[in-house]
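Beneath this line is the structure, given in structure tokens, with notes to follow.
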Amino acid sequence: MKKTVAGILSFAFFSCIFFSKLSAQQTLILRGRVVDEQTGETLSDANVFDLTSGIGVSTNSYGVYSLSLGKGKRIIRCSLLGYTTRTDTLDITSDKVLNFALKPGNYQLKDVEIVADRRHSGQFRLGQQDIQAMPVVGGESDLMKSLQFLPGVASGNEGANNISVRGSNQWGNLVLLDEAIVFNPNHALSFFSVFNNDAVHDVNLYKSYFPLNYGGRASSVIDVRMKEGNNKESKRKATVGLVSSKVMFEGPLKKDKSSYLVAARFAYPGVTCSLLGDDDDVPNPEMYFYDVNAKFNTIINDRNRIYFSLYSGGDHTVFDELVRGYGMDWGNATSTFRWNHTLNQKTYTNLSAIFSNYYYRYKNYADGLHYLWKSNMQSYQLKYDMEHNTSRNLRIKGGGALHFFTTIPGSIDNYGVFTHVVPYRLNRRKMLDFALYGEVEYRFASRFQLNGGIRLSALRTPSGPDYGASTFIVPEPRAELSYEVNRNHRLNISFNQASQNLHMLSNSSVGIPSDMWVPANEKLKPEIMRQFTAGYEWNQSDRNYTFSLEAFYRKTDHIIDFKDDVNLFMNNTIEKEVEQGESESYGVEFYLSKNRGALTGWASYTLSHARNRLANIRDTEYRPVYDRPHNLKLFLNYNINKRWSLSSTFSYSSGMNLTLPVGKYELHGAVLYIYSSRNGYRAPAFHQLDLSGTYRMRKGTLTCSIINLYGRKNVFSIYAGRGGEEYYKPMDIAQTYKIYLYGIVPSITYSFEF
């Protein structure tokens, strides 16, 4: 199968080059960049179309396009959802540069567009306004929660940001911020994300066809791009809310040439919980977090542009009601340097140097065994990407990446005075991986388009306490074929193979900071995911409505899970406590959106099933936590006038799977439990209705929201307890308890420019 796929792609690749050279001699090159007229920021996925010949292309992630055209007069149209379309007429007699500056569509009172735009099957693109429009807890716009409203994406626990794509666990998602890996994209035990929406430009979710420049994860790609900063004029913005306060500065360092962006957020959900709480027996939680984003970019000349972006964020949490006697601190830091270079009229390159750091530590001070646990990990990457527009029908991409990963999974030390802990540190783990890829985007027979190629990943890990050094070479062929029946209808099929070299060792569905990343080694092979999809998409002629239907089948080899009755604490040979097996998921996804007008929004529904199969555990086949067969999401936004808008979301999904007691017995006065099969209990269904209203002033915005309008007590967790602190209790007192986080939650936020 691998040889067949690789052979087909190789044949298509060289055939494309041969036929493209025959036509290249007759053409001239029109190239340029598409930017936002108000801010000067580059716009990706904008459509540049020659109305004369019917030839068009999309801009890349840096807003660059290149068209191969014949001599003569041309009418060039540039469009992007959310922006006013621009059209230019020109006479092409030689290679030419034509830049477009698009005016944001929200300046038009009667033509508002909020839509998840797509270029590949399974790709969804959300902009800052899409994220901002959704009502969320505390009025804090949240990128990860917005993604939960797309088909094929399921949330974890109530209110949490941990997301599962097509039945896979949350750690299979490649989360990037300006190309840098974000290992833990959550704040406050997964209830808020690390992405400050003031600093976000857009996010692309890939879950069917992964472009070949992405690698390292086996579930999905979540590519977040920061705003570049306004190079036209200086702006300052502040937001005050019940959960967080924010400030953002942006402006030109040199007008039309260079710009900066600095955004900071400080959140205090613990203070809000204390004010809303009414239980005097439960200590007030300590919970706060911060984020700082910064970005600088400069245009050296028409062919060279440099970007430098930074992120730093951290959490402090002490929440005795959930984790009695523990305090946790964790945080991420990333930096990215990028050099975007136009090599010639048809070739564009990008060189990136990337650093990511993640740390966590928690303190136990509940009893005499006081200790401090610490862990950290670092990722260093060097990437080079090239894009060559060979002809009007063929685009070739290629590149490579070198990645070094190192981590100290855990160390323990004394905390405080009264302690008898012996300091100890787990062995440092390292990984070096290298990848090369080649990809083609080829249009043929007027209505067919082929995207495909192969990524070759090589992994090297040194020896460990009970395993030797190992090397893995994993080919990752990927292909997508689409057929345009006409302007309104499109069919597509795709095959995707992706590998994951880092395993997450976690026994939590929430995603607590102490979960452990471990590189693949002789004992733990890399995960390999293979996926087949088939879909249909319909767009109304004026793009008022979009409908899509996509079916998928996904199988992943070498997934991991803990054995029964494992030893997790400070285990230097954790591989002995883990089993590897396979997972399988399949389903169908429906999506309908209204894209233009005063009323916009979308509805998505996913019907799916997932199963894990692992040998040498009690239940060799079981449902993963994220197997949620039914998942319905609705989002509506209504612009009453230029001042007022209303939005609403509704969610319904099957309950998560849990391992719970199904019986109990008494032994020597103690109550002991008999547990179900692994994840053998399905919690009650999750459903929730949220509303928000926004009032826009000349220099500010006031947003009021109500979360969980009808007060549904959704399950966050279920556990067995004994009704108090005592271990020995009569049989009739031992009970099972349900935790829910909130009932009706009102909030208000005020954003203003100053």
Between [Y] and [X], is the closest basic N to carboxylate O distance under 4.0 Å?
X      : Y      : value
Asp561 : Arg678 : yes
Arg265 : Glu140 : yes
Glu577 : Lys523 : no
Asp385 : Lys397 : no
Arg613 : Glu584 : yes
Lys525 : Asp557 : no
Asp202 : Arg225 : no

Is the backbone N or O of Pro475 less than 3.5 Å from a side-chain atom of Gln497, with the two atoms forming a donor-acceptor pair by type?
-> yes
Are the side chain of Asn197 and the backbone of Val200 linked by a donor-acceptor contact shorter than 3.5 Å?
-> no
State, with a plain yes or no, whether a side-chain heavy atom of [X] is found less than 4.5 Å away from one of [Y].
X      : Y      : answer
Asn612 : Ile559 : yes
Phe532 : Arg554 : no
Ile222 : Leu147 : yes
Met226 : Asn293 : yes
Asn332 : Tyr359 : no
Glu527 : His503 : yes
Asn213 : Tyr437 : yes
Leu459 : Val474 : no

Say whether [X] and [Y], considering side chains only, have a donor N or O and an acceptor N or O under 3.5 Å apart.
X      : Y      : answer
Asn521 : Glu575 : yes
Ser352 : Gln381 : no
Asn679 : Ser677 : no
Asn496 : Gln531 : no
Ser499 : Glu476 : yes
Asn631 : Ser653 : no

Specify whether [X] and [Y] have parallel, tilted or perpendicular ring planes, treating 30° as the upper limit for parallel and 60° as the lower limit for perpendicular.
X      : Y      : result
Tyr206 : His120 : tilted
Tyr358 : Tyr360 : tilted
Trp171 : Trp517 : perpendicular

Please lay out, stage by stage, how Lys295 and Glu228 fare under the test salt bridge (charged side-chain N to carboxylate O under 4.0 Å, His left out).
-> CA-CA 6 Å; Lys295 191 167 185 176; Glu228 295 174 6; 5.1 Å; no
Using the ring pair (Phe, Tyr, Trp, His ring centres under 6.0 Å) rule, take Phe192 and His187 through it: C-alpha gap first, then chi angles, then the decisive distance, then the call.
-> CA-CA 5 Å; Phe192 300 92; His187 282 307; 8.2 Å; no
Full working for side-chain contact (heavy atoms from CB on, under 4.5 Å) between Thr317 and Trp330 | CA-CA 9 Å; Thr317 300; Trp330 69 94; 3.7 Å; yes
Which heavy atom of [X] sits nearest a heavy atom of [Y], and at what distance?
X      : Y      : answer
Ala520 : Thr461 : O-CG2, 2.9 Å
Tyr268 : Tyr288 : CA-CB, 4.4 Å
Ser220 : Phe210 : CA-CZ, 3.6 Å
Gln148 : Asn162 : NE2-O, 4.5 Å
Leu351 : Tyr384 : CD1-CD1, 4.0 Å
Val175 : Pro185 : CG1-CB, 4.1 Å

Please round to the nearest 0.5 Å and tell me the distance separating atom [atom1] of [X] and atom [atom2] of [Y].
X      : Y      : atom1 : atom2 : value
Asn173 : Ser164 : CG    : OG    : 7.5 Å
Leu177 : Ser309 : CG    : OG    : 6.5 Å
Ser244 : Asn196 : OG    : CG    : 8.0 Å
Gln500 : Ser168 : CD    : OG    : 9.0 Å
Arg166 : Ser608 : CZ    : OG    : 9.5 Å
Ile131 : Lys145 : CD1   : NZ    : 12.5 Å

Pair Asn350-Tyr62, side chain to side chain donor-acceptor pair (under 3.5 Å): steps then yes or no = CA-CA 9 Å; Asn350 186 75; Tyr62 296 95; 3.1 Å; yes
Decide side chain to side chain donor-acceptor pair (under 3.5 Å) for Ser208 and Ser494; before the verdict, give the C-alpha distance in whole Å, the side-chain angles of both, and the deciding distance to 0.1 Å.
-> CA-CA 7 Å; Ser208 293; Ser494 72; 5.1 Å; no
May I have the step-by-step check of side chain to side chain donor-acceptor pair (under 3.5 Å) for Tyr311 and Asp291, ending in yes or no?
-> CA-CA 7 Å; Tyr311 167 78; Asp291 296 295; 2.4 Å; yes
Check step by step if side-chain contact (heavy atoms from CB on, under 4.5 Å) holds for Phe404 and Thr406.
-> CA-CA 7 Å; Phe404 176 71; Thr406 178; 4.0 Å; yes
By side-chain contact (heavy atoms from CB on, under 4.5 Å) - contacts of Glu579 (at least two apart) = Lys563, Leu614, Asn616, Ile617
Ring pair (Phe, Tyr, Trp, His ring centres under 6.0 Å) between Tyr307 and Phe337, intermediate numbers included = CA-CA 6 Å; Tyr307 303 83; Phe337 172 83; 9.6 Å; no
side-chain contact (heavy atoms from CB on, under 4.5 Å) between Glu480 and Thr533, worked out = CA-CA 9 Å; Glu480 175 191 44; Thr533 67; over 6 Å; no
Verdict with reasoning, Asp198 to Lys227, per salt bridge (charged side-chain N to carboxylate O under 4.0 Å, His left out) | CA-CA 8 Å; Asp198 285 352; Lys227 295 173 63 178; over 6 Å; no
Going through the checks in order, is the ring pair (Phe, Tyr, Trp, His ring centres under 6.0 Å) test met by Tyr380 and Phe355?
-> CA-CA 5 Å; Tyr380 305 85; Phe355 170 74; 5.2 Å; yes
Given Tyr214 and Asp223, is the side chain to side chain donor-acceptor pair (under 3.5 Å) satisfied, shown in steps?
-> CA-CA 9 Å; Tyr214 297 111; Asp223 189 355; 2.4 Å; yes
